[in-house]
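Residue numbers count from 1 along this sequence.
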Amino acid sequence: AGQQDAACPADLAGLVSENSDDEPSSVIRSESDSDGGVQYDPADTKQIDLSDFAQQRIWTHRIRHARPYLSVVYTGIMAGTVLLAMGLVALYYSESCDQIRVQYAESPERELDFMSGLWSHFPMGTRSYEKARANCSATIGGEQLCHASVLLKNGMRKPLLYYALGPFYQNYNSYMKSEVMAELTGKEVSQSQREKSCVLQTRVDSAGRQIVPCGMKATSVFNDTFEVVGYDLVFHDIAWKSDVQRYNNPPDYPSRPDTSWLYQRYPETIKKEEGVKTHAFADWMRPSAVPRVWNRYGYLNEHFGPGAVLELKIRSRYPMDTIPGGYKVIVLTEYGAFGARHSGFGYILISAGALCFLLAMIACATYRSCPQGLPWLQRLLGGEDSDEGYESDAKSEESP
């Protein structure tokens with residue numbers, strides 16, 4: 001920035017007016033080109049911002065440590081402290097949420113790949129007394145009735161019910177894009193739009209009726225139902241409000257002829273009067289980013305003391321038996337500021353913090369064992385191979 005005048009071409013230097021205190025930029029007007037004398041229209045002007053900010057003349061101050069390794073040590077200590085603190089807080093809130101996980105369906109093929117194994121039905125932090133299995137009858141007409149009696153060892157405050165199934169890859173690109181957003185928002189769409197985004201099996205049913213809304217997501221809605229005997233479940237506020245608000249039924253819903261609506265395909269899950277604005281549908285339409293699905297089902301507005309026993313009745317319809325390693329779980333859990341129980345996030349933060357401290361120790365030990373510095377490391381840091389190089393780098397640099 002200090003050599004700006006020397007860098008400007010001679011024929012342009014005279015065109016740049018000096019900045020005044022109250023005029024941060026100047027307008028340059030040129031009648032001729034410096035190369036060939038090409039004439040410009042007077043209205044053709046160029047504006048160059050000559051403010052200190054644009055010309056990078058703002059005061060700066062940079063400090064380098066006399067020993068570059070100290071930058072690694074200080075950064076490692078600070079980042080490690082923050083990550084450790086965040087991990088301990090996340091782990092504390094996770095462990096403070098009691099839960100019961102009831103498995104009621106499982107594929108006979110238990111061969112799981114590495115990624116599916118990481119997102120299993122009993123995630124990290126699940127205690128042995130928090131696991132339960134339901135007793136299920138034979139499948140009749142595509143439906144299986146299951147019962148489970150669960151003991152709330154420590155009690156539970158207004159438990160949330162959510163279902164977990166996997167491995168289920170909702171994050172596949174073809175699955176996520178298999179929808180017509182205009183149709184989901186209640187607008188009329190052409191057949192060409194539907195054909196572009198929805199394959200035939202998700203667009204027309206076996207009776208030749210048009211499936212509305214179309215797409216793989218809208219035709220694979222989870223339709224198992226759960227009941228806590230003796231208590232009423234609350235099904236509102238289980239989806240994002242923005243998702244519920246943007247979905248709308250078309251103006252001719254549900255009177256359009258030769259149409260297969262959601263409530264007809266999933267009468268146990270979708271309410272006719274709500275259609276696409278049913279919270280369970282809106283929650284399903286937001287795809288999971290990992291190889292499993294955890295979606296809310298409902299709430300219980302009750303406080304249960306230690307030793308309480310709840311009876312669950314499950315109607316299992318959603319097909320997961322043919323998926324290798326497939327499972328279905330219903331979870332009763334407390335829900336805090338950091339969500340429900342999942343200690344894996346806290347352990348990841350703590351491990352990252354420990355890694356930062358380890359890098360700081362390695363940097364310190366490396367300097368102690370080789371005070372002159374490692375040539376490859378100094379080249380990486382832009383320093384010299386001697387202590388004089390360190391000292392020269394330690395000087396602060398200022399630009400006027």
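Using a cutoff of 4.0 Å between basic side-chain nitrogens and carboxylate oxygens, R317 and E268 are scored as salt-bridged. For the pair R286 and D243, the salt-bridge criterion is met [side-chain N within less than 4.0 Å of a carboxylate O].
T202 and T219 share no side-chain donor-acceptor pair at under 3.5 Å. A donor-acceptor contact under 3.5 angstrom links the side chains of S149 and E311, judged on distance only. Between the side chains of E95 and S343, at least one donor-acceptor pair of N or O atoms lies under 3.5 Å. Of the N and O atoms on the side chains of S220 and Y175, at least one donor lies less than 3.5 Å from an acceptor on the other residue. Between S178 and K217, the side chains place no donor N or O within less than 3.5 Å of an acceptor N or O (distance only, hydrogens not considered). A donor and an acceptor atom, one from each side chain of Y104 and D224, are located under 3.5 Å apart. Between the side chains of R194 and Q210, at least one donor N or O sits under 3.5 Å from an acceptor N or O.
We find the CZ-CZ distance between R133 and R101 to be 12.5 Å, quoted to the nearest 0.5 Å. Taking OG of S128 as the start and NZ of K131 as the end, the distance is 7.0 Å to the nearest 0.5 Å. Atom CG in L145 sits 7.0 Å away from atom NZ in K313 (nearest 0.5 Å). Between S137 atom OG and E143 atom CD the span is 8.5 Å, to the nearest 0.5 Å. Put simply, CZ on R265 and CZ on R209 are 9.0 Å apart, with the number rounded to the nearest 0.5 Å. In this structure, L300 CG and L161 CG are separated by 5.5 Å, a value rounded to the nearest 0.5 Å.
In this structure, T75 contributes its side chain and V72 its backbone to no donor-acceptor pair below 3.5 Å. Between the side chain of Q264 and the main chain of W261, a donor-acceptor pair closer than 3.5 Å is present. Checked by atom type and distance alone, the side chain of K277 pairs as donor or acceptor with a backbone atom of Y247 at under 3.5 Å. Listed for the T259 side chain is a donor-acceptor partner under 3.5 Å among the backbone atoms of P257. With D205 contributing its side chain and G208 its backbone, the two residues share a donor-acceptor pair below 3.5 Å. Within the 3.5 Å criterion, the main-chain N or O of G325 finds no donor-acceptor partner in the side chain of E106. The main-chain N or O of S190 is found under 3.5 Å from a side-chain atom of Q193 such that the two form a donor-acceptor pair. A side-chain donor-acceptor contact under 3.5 Å links N249 to the backbone of E274.
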List the steps, then state whether side chain to side chain contact (heavy atoms under 4.5 Å, CB included) holds for S316 with K328. CA-CA 9 Å; S316 178; K328 294 191 291 186; 2.7 Å; yes
From CA spacing to verdict: side chain to side chain contact (heavy atoms under 4.5 Å, CB included), H236, H279: CA-CA 6 Å; H236 285 282; H279 285 235; 3.7 Å; yes
Under the side chain to side chain contact (heavy atoms under 4.5 Å, CB included) criterion, do V212 and S260 qualify, and how do the steps go? CA-CA 6 Å; V212 179; S260 174; over 6 Å; no
Evaluate the side chain to side chain contact (heavy atoms under 4.5 Å, CB included) criterion for residues L312 and E227: first the C-alpha distance (whole Å), next the side-chain angles of each, then the deciding distance (0.1 Å), finally the verdict. CA-CA 6 Å; L312 299 180; E227 177 186 350; over 6 Å; no
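The number of heavy-atom neighbours closer than 6.0 Å to CE of M176, taken from other residues, nucleotides and ligands shown, is above 12. Atom CG of N154 is surrounded by more than 12 heavy atoms from other residues, nucleotides or ligands within 6.0 Å. Residue E188 qualifies as open at atom CD: its count of foreign heavy atoms under 6.0 Å is 12 or below. Residue Y299 places its OH atom among more than 12 non-hydrogen atoms of other residues, nucleotides or ligands, all under 6.0 Å distant. Crowding of R127 atom CZ: a count of heavy atoms from other residues, nucleotides or ligands under 6.0 Å exceeding 12. More than 12 heavy atoms of other shown residues, nucleotides or ligands fall within 6.0 angstrom of atom OH in Y129.
Contact of the V150 side chain with the V102 side chain is registered, since non-hydrogen atoms from C-beta on lie closer than 4.5 Å. By the 4.5 Å heavy-atom criterion applied to side chains, Y335 and P159 are not counted as neighbours. Contact check for V180 versus P213: no side-chain heavy atoms found under the 4.5 Å cut-off. Within the 4.5 Å cutoff, the side chain of V290 has no heavy atoms near those of the N171 side chain. Side-chain contact between T269 and F281: absent, with no pair of heavy atoms (C-beta onward) separated by less than 4.5 Å. With contacts defined as side-chain heavy-atom distances shorter than 4.5 Å, the pair K272/P254 qualifies. At least one side-chain heavy atom of L165 sits less than 4.5 Å from a side-chain heavy atom of Y318. Within the 4.5 Å cutoff, side-chain heavy atoms of T185 are placed close to those of M181.
No continuous path of ILVMFWY side-chain contacts below 4.5 Å connects I362 to I77, so the two sit in separate hydrophobic clusters. Hydrophobic clustering (side-chain heavy atoms under 4.5 Å, transitive across Ile, Leu, Val, Met, Phe, Trp, Tyr) keeps L184 apart from I211. In the hydrophobic clustering of this structure, I330 groups with V228; members are Ile, Leu, Val, Met, Phe, Trp, Tyr whose side-chain heavy atoms approach within less than 4.5 Å, directly or through other members. Taken together through direct or relayed side-chain contacts under 4.5 Å among Ile, Leu, Val, Met, Phe, Trp and Tyr, F357 and L355 form parts of separate hydrophobic clusters. Residues I314 and L151 fall into different hydrophobic clusters, defined by Ile, Leu, Val, Met, Phe, Trp and Tyr side chains chained together at heavy-atom separations under 4.5 Å.
The side chain to side chain donor-acceptor pair (under 3.5 Å) test with R157 singles out one residue from E302, E334, H303, and that residue is E334. When each of Y327, W284, Y163 is paired with F168, the ring pair (Phe, Tyr, Trp, His ring centres under 6.0 Å) condition holds for W284 and for no other.
Minimum interatomic distance between G346 and A90 (heavy atoms only, all atoms of both residues): CA-CB, 4.1 Å. The heavy-atom pair separating L160 from G298 by the smallest distance is CD1-O, 3.4 Å. Of all the heavy atoms in C214 and A218, the pair that sits closest is O-CB, 3.8 Å. Nearest heavy-atom pair across T278 and K271 is OG1-N, 3.5 Å. The two residues A239 and A282 have their closest heavy-atom pair at CB-CB, 4.0 Å. In terms of heavy-atom proximity, P167 sits nearest to I323 at O-CG2, 3.9 Å.
The aromatic ring centres of F235 and Y297 sit less than 6.0 Å apart. Residues W294 and H342 place their aromatic rings such that the two centres sit under 6.0 Å apart.
In terms of the ring pair (Phe, Tyr, Trp, His ring centres under 6.0 Å) criterion, residue partners of Y231 (sequence neighbours excluded) are, by chain and number, F304.
Using bins of under 30°, 30° to 60° and over 60° for the plane-to-plane angle, the ring pair F222/F226 lands in the parallel bin.
Cation-pi geometry between R341 and Y93 is not met: the NZ or CZ atom fails to fall both under 6.0 Å from the ring centre and inside 45° of the normal.
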